Undergrad: 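There's a structure below that I have some questions on.
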Amino acid sequence: MPPGASISNDPSVNSRPEPWRHLADAQDGVISRDQLLGIGLPPAQARRGVDSGRWQRLLPGVYATFTGPVIGTTTVWAGVLYAGDGAAASHRTALWLAGVLDALPAQVDVSVPASRRVHRQPGVRVHLSRAMDRPAADLLHPAAAPPRIRVEPALLDQCELESKATTTHLVLSAVQRRTTTADRLLLALNRRPRHRWRSLVRQLLAEAQDGVASPLELAYRQKVERGHRLPVGLRNTKERAPGGGNWYRDVRYRRFGVVVELDGREAHLAHQAFRDLRRDNIAAAAGNTVLRYGWRDVVGRPCDVAAQVAHVLAARGWAGRTAPCSAACVLSTR
């Protein structure tokens with residue numbers, strides 16, 4: 001100890017936080033070598049932390065200032081900090097952050113300006129983006145952390161890389177989960193001179209504006225309802241639930257008191273099955289007929305579904321006529 005120095009009895013002095021702490025805390029415990037240098041700390045700071053076992057090296061020049069598992073947004077911070085200036089989470093990673101996807105991708109997607117080059121690293125997928133060289137105001141989220149692309153451009157970017165089926169799922173999921181709207185997605189699409197699935201996305205957004213909220217609902221509308229000239233039902237109408245709150249009916253033929261529920265899950269959890277049963281019972285008590293179909297019904301045997309729905313609608317007063325979708329359709333023999 002230097003001559004004349006003494007140990008303070010003031011705990012606020014002796015427990016003063018380390019200078020990097022506030023920055024790491026704001027980044028889920030992750031910090032970069034460049035940030036350490038930026039606040040005046042020596043390069044050896046990170047090496048001491050790793051050598052002592054208190055820090056973990058996640059990527060070149062990026063460290064977790066804690067021990068234990070590195071999960072969730074911590075991995076996103078690591079990828080963004082590694083990619084450096086102007087980097088932002090994008091594609092599937094941005095969709096996960098926005099709530100469109102349930103699971104964080106195995107590789108963190110990060111976009112950087114096309115004028116830069118970033119070396120590949122395991123666990124990080126780097127995308128070069130010309131739009132990020134001079135980003136428009138609607139490209140980057142203005143306040144979210146970790147830094148990220150807004151959900152609309154991130155969704156359109158990812159759809160460019162996907163199949164028709166996956167694009168359908170992503171677009172309808174984004175709208176169904178209320179992470180964006182059909183209008184905002186259409187505006188973002190119109191600002192792009194080219195897009196691989198432009199026509200498909202336009203069609204999906206038109207369906208979403210009519211209330212279609214999932215690929216299964218889209219299949220029912222196209223393969224069952226339109227394909228066999230059934231009347232057009234109301235989609236995802238909000239109704240007041242007994243006891244408070246709201247619930248939504250997938251397809252309601254209000255004039256005829258018929259409800260069609262579409263369930264894309266292979267199996268119900270117990271509480272979900274009970275909820276559906278309760279809803280169906282309440283509908284029956286109110287004089288409605290509820291029909292419930294899954295993927296195997298709507299996609300595997302749409303003609304049989306159409307025949308059944310038509311039969312129930314006719315029994316409830318529908319005077320229209322169905323049409324077979326093909327020569328092999330079961331309705332062609334009726």
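Since the model is a prediction, treat every value here as computed from it, not as a measurement. Quick note: residue numbers are just sequence positions, from 1.
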Undergrad: Using the salt bridge (Lys or Arg N to Asp or Glu O under 4.0 Å) rule, collect all pairs that involve residues 64-76, keeping only residues at least two apart or in two chains.
TA: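 Checked against salt bridge (Lys or Arg N to Asp or Glu O under 4.0 Å) - neighbours excluded - no pair reaches residues 64-76.
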Undergrad: Going by the rule salt bridge (charged side-chain N to carboxylate O under 4.0 Å, His left out), which residues pair with Asp25 if we only count those two or more places apart in sequence or in a different chain?
TA: none
Undergrad: Shortest non-hydrogen contact from Asn288 to Arg316?
TA: C-NH2, 3.7 Å
Undergrad: If the condition is ring-ring contact (aromatic ring centres under 6.0 Å, His included), which residues does His141 pass it with, not counting sequence neighbours?
TA: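 For His141 there are no ring-ring contact (aromatic ring centres under 6.0 Å, His included) partners, ignoring immediate neighbours.
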Undergrad: Output all residues satisfying salt bridge (charged side-chain N to carboxylate O under 4.0 Å, His left out) with Glu162, sequence neighbours left out; order by chain, then residue number.
TA: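 Only Arg92 meet the salt bridge (charged side-chain N to carboxylate O under 4.0 Å, His left out) criterion with Glu162.
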Undergrad: Which pairs with one or both residues in residues 217-238 pass ring pair (Phe, Tyr, Trp, His ring centres under 6.0 Å), sequence neighbours excluded?
TA: none
Undergrad: Could you tell me whether the side chains of Asn190 and Arg202 share a donor-acceptor contact shorter than 3.5 Å?
TA: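 A pair is found: one side chain offers a donor N or O, the other an acceptor, under 3.5 Å apart.
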Undergrad: For Arg191, which residues count as a salt bridge (charged side-chain N to carboxylate O under 4.0 Å, His left out) partner, sequence neighbours excluded?
TA: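 If we apply the salt bridge (charged side-chain N to carboxylate O under 4.0 Å, His left out) test to Arg191, skipping adjacent residues, the hits are Asp138.
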Undergrad: Without placing hydrogens or testing angles, list every side-chain donor-acceptor pair under 3.5 Å for residues 58-69, not counting sequence neighbours.
TA:
residue	atom	partner	partner atom	Å
Tyr63	OH	Arg33	NH2	3.0
Thr65	OG1	Gly29	O	2.9

Undergrad: So, using salt bridge (charged side-chain N to carboxylate O under 4.0 Å, His left out) as the criterion, who are the partners of Asp28 when residues are at least two apart?
TA: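 If we apply the salt bridge (charged side-chain N to carboxylate O under 4.0 Å, His left out) test to Asp28, skipping adjacent residues, there are no hits.
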Undergrad: Tell me whether Arg226 is salt-bridged to Glu207, with the criterion being a basic N under 4.0 Å from an acidic carboxylate O.
TA: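 Salt bridge: yes.
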Undergrad: What heavy-atom pair brings Pro19 and Ile39 nearest, and what distance separates the two atoms?
TA: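 Minimum heavy-atom contact is O-CD1, 3.7 Å.
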Undergrad: For a quick test of reading the model, state the closest non-hydrogen atom pair linking Asp133 to Pro113 and the distance between them.
TA: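 Here Asp133 and Pro113 meet closest at OD1-CB, 3.2 Å.
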Undergrad: Which pairs with one or both residues in residues 160-218 pass ring pair (Phe, Tyr, Trp, His ring centres under 6.0 Å), sequence neighbours excluded?
TA: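 Qualifying pairs, neighbours excluded: none.
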Undergrad: Can you list every pair that meets side chain to side chain donor-acceptor pair (under 3.5 Å) and has a residue in residues 75-85, with sequence neighbours left out?
TA: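 Matches after skipping sequence neighbours: Tyr82-Gln121.
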Undergrad: Salt bridge check: are Asp157 and Arg192 linked by an N-O gap of less than 4.0 Å?
TA: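 Yes, Asp157 and Arg192 are salt-bridged.
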Undergrad: Using ring-ring contact (aromatic ring centres under 6.0 Å, His included) as the criterion, list what pairs up with Trp55, not counting sequence neighbours.
TA: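 For Trp55, the residues satisfying ring-ring contact (aromatic ring centres under 6.0 Å, His included) (neighbours in sequence not counted) are Trp20.
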Undergrad: Using the ring pair (Phe, Tyr, Trp, His ring centres under 6.0 Å) rule, collect all pairs that involve residues 105-135, keeping only residues at least two apart or in two chains.
TA: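 Qualifying pairs: His91-His127.
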